[in-house]
Amino acid sequence: MLRSLIYFAKLALYWLVFFTLYRIIFLISYPSKIPDGKFSEALMVFVYSFRMDAATIAYLIAIPLILWAIQQFVKKNFINRTNHFYNIALISAITIVCISNIAMYGEWNALINYNTFHYLLSPAKIFPYLNTFELIATGLGVMAGIAAFVLLFRVMILMVIPYSTGKMMYKLIIPPIIFPIVFFTMRGGTQQMPINETSACFSETKFLDHVSVNPVWHLGHMAFLGVEEIEKEPLP
């Protein structure tokens with residue numbers, strides 16, 4: 001059981017490293033957007049982003065946790081294959097979102113959201129915003145980014161979920177303890193209202209707030225609000 005807990009601790013650490021590198025590249029890419037004398041404030045994005053990153057990571061590891069809980073009682077190879085495919089697909093998708101955020105920020109001055117996500121699905125619509133060199137650089141950056149983060153994943157994380165050989169009592173007790181912890185982490189704590197983007201906003205400089213906000217959380221939250229708005233629209 002300890003090996004399983006270490007596995008998920010490493011998985012959470014992996015995503016924390018991922019989002020930290022994303023912010024470092026974001027800040028380096030747009031130094032002119034950091035006002036003079038605000039360098040120390042720019043470093044605070046790594047502090048104010050932590051709570052939202054933790055909530056996002058809780059969502060990202062929820063599926064592997066469910067697969068792990070099933071595996072404690074059903075030892076099948078397809079569970080590990082499903083977990084591996086899920087993580088690789090997630091790394092690829094989130095890498096595309098993060099690199100696209102950085103690449104397009106100079107033009108949009110905003111993070112990718114539900115209303116602009118269709119640009120990622122139709123690359124031709126990005127052509128007016130990028131010259132040939134920028135388009136090639138973005139494509140190569142996406143491929144290199146995915147390859148680098150998949151490699152980092154393979155270095156840090158086992159390819160299989162550790163199967164617990166402990167007593168059945170532990171298998172029955174520990175998962176019901178872990179899942180509520182993950183749930184409250186998703187909410188950002190035990191407060192009445194779930195966490196939102198304002199928890200990561202701390203600066204009068206909009207750019208620093210945008211860097212601090214988790215891009216996956218932002219996109220997911222905006223998509224949820226967009227779907228909710230569509231459902232509220234009256235039928236014709």
Side-chain angles (χ1 to χ4, degrees), residues 15-35 38-39 41-60 89-131 134-135 137-139 141-146 148-149 186-188 193-230:
W15 284 115
L16 187 61
V17 170
F18 184 107
F19 292 129
T20 299
L21 290 174
Y22 157 76
R23 290 190 177 89
I24 291 173
I25 296 171
F26 207 158
L27 290 171
I28 291 175
S29 299
Y30 297 100
S32 62
K33 292 186 180 294
I34 303 175
K38 294 280 188 177
F39 179 75
E41 185 177 342
L43 296 178
M44 294 302 292
V45 300
F46 300 102
V47 176
Y48 282 89
S49 63
F50 179 79
R51 190 172 167 221
M52 179 167 283
D53 281 354
T56 305
I57 290 169
Y59 277 99
L60 298 180
L90 206 59
I91 291 168
S92 301
I94 294 176
T95 299
I96 291 172
V97 169
C98 289
I99 291 178
S100 299
N101 260 323
I102 295 172
M104 302 306 298
Y105 192 85
E107 187 69 35
W108 290 346
N109 288 314
L111 299 178
I112 290 172
N113 56 43
Y114 178 75
N115 295 322
T116 56
F117 187 66
H118 64 278
Y119 281 93
L120 297 184
L121 303 179
S122 301
K125 294 180 180 179
I126 301 180
F127 291 167
Y129 300 96
L130 297 177
N131 59 43
E134 290 172 335
L135 189 61
T138 300
V142 168
M143 291 188 290
I146 292 174
F149 283 116
M186 289 176 177
R187 297 185 77 259
M193 296 298 294
I195 191 174
N196 56 45
E197 286 87 345
T198 59
S199 68
C201 298
F202 67 96
S203 175
E204 294 179 357
T205 304
K206 185 183 293 186
F207 170 68
L208 296 181
D209 282 344
H210 286 164
V211 176
S212 185
V213 168
N214 187 284
V216 179
W217 178 279
H218 177 73
L219 180 58
H221 186 210
M222 291 297 102
F224 175 77
L225 293 178
V227 171
E228 218 177 34
E229 186 176 332
I230 292 173

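Residues: numbered from 1 along the sequence shown.
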Do [X] and [Y] come within less than 4.5 Å of each other through their side chains, counting heavy atoms only?
{"X": "Leu16", "Y": "Phe50", "value": "yes"}
{"X": "Tyr30", "Y": "Phe26", "value": "yes"}
{"X": "Thr56", "Y": "Phe19", "value": "yes"}
{"X": "Ile99", "Y": "Ile25", "value": "no"}
{"X": "Val211", "Y": "Leu27", "value": "yes"}

Could you go through the side-chain contact (heavy atoms from CB on, under 4.5 Å) check for Glu197 and Met222 one step at a time? CA-CA 10 Å; Glu197 286 87 345; Met222 291 297 102; 4.0 Å; yes
Rounded to the nearest 0.5 Å, what separation is found between the CG atom of Leu60 and the CH2 atom of Trp217?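 With rounding to 0.5 Å, CG (Leu60) is 11.0 Å from CH2 (Trp217).
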Taking atom OG of Ser92 and atom CD1 of Ile146, what is their separation to the nearest 0.5 Å? 4.5 Å
Considering all heavy atoms of both residues, which atom of [X] and which atom of [Y] are nearest to each other, and what is their separation?
{"X": "Met52", "Y": "Ser199", "result": "CE-OG, 3.9 Å"}
{"X": "Leu219", "Y": "Ile112", "result": "CD1-O, 4.0 Å"}
{"X": "His218", "Y": "Leu111", "result": "CD2-CB, 3.7 Å"}
{"X": "Phe46", "Y": "Thr20", "result": "CE2-O, 3.8 Å"}
{"X": "Pro215", "Y": "Cys98", "result": "CG-SG, 3.8 Å"}
{"X": "Gly188", "Y": "Ile195", "result": "CA-CB, 3.9 Å"}

For Phe39, ring-ring contact (aromatic ring centres under 6.0 Å, His included) partners two or more places apart: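 Counting only residues at least two positions away or on another chain, Phe39 forms no ring-ring contact (aromatic ring centres under 6.0 Å, His included).
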So salt bridge (Lys or Arg N to Asp or Glu O under 4.0 Å) across residues 18-32, not counting sequence neighbours, yields Arg23-Asp53
Taking salt bridge (Lys or Arg N to Asp or Glu O under 4.0 Å) as the cut-off, I'd like each qualifying pair that reaches into residues 213-222, sequence neighbours left out, listed once. none
Could you walk me through whether Phe149 and Ile94 pass side-chain contact (heavy atoms from CB on, under 4.5 Å), step by step? CA-CA 10 Å; Phe149 283 116; Ile94 294 176; over 6 Å; no
With sequence neighbours excluded, what pairs up with [X] under the side-chain contact (heavy atoms from CB on, under 4.5 Å) test?
{"X": "Pro194", "result": "Arg187"}
{"X": "Asp209", "result": "Cys201, Phe202, Ser203"}
{"X": "Asn109", "result": "Lys33, Tyr105"}
{"X": "Ala58", "result": "Val182, Thr185, Met186"}

Can you list everything that forms a side chain to side chain donor-acceptor pair (under 3.5 Å) with Lys206? Sequence neighbours excluded, please.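 With sequence neighbours excluded, Lys206 shows a side chain to side chain donor-acceptor pair (under 3.5 Å) to no residue whatsoever.
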Please list, chain by chain and in numerical order, all residues satisfying side chain to side chain donor-acceptor pair (under 3.5 Å) with Ser32, sequence neighbours excluded.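 With neighbours one apart ignored, the set is empty.
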Pair Thr95-Phe18, side-chain contact (heavy atoms from CB on, under 4.5 Å): steps then yes or no: CA-CA 9 Å; Thr95 299; Phe18 184 107; 3.5 Å; yes
Show the numbers, then the answer: is there a side-chain contact (heavy atoms from CB on, under 4.5 Å) between Tyr22 and Ile102? CA-CA 9 Å; Tyr22 157 76; Ile102 295 172; 3.9 Å; yes
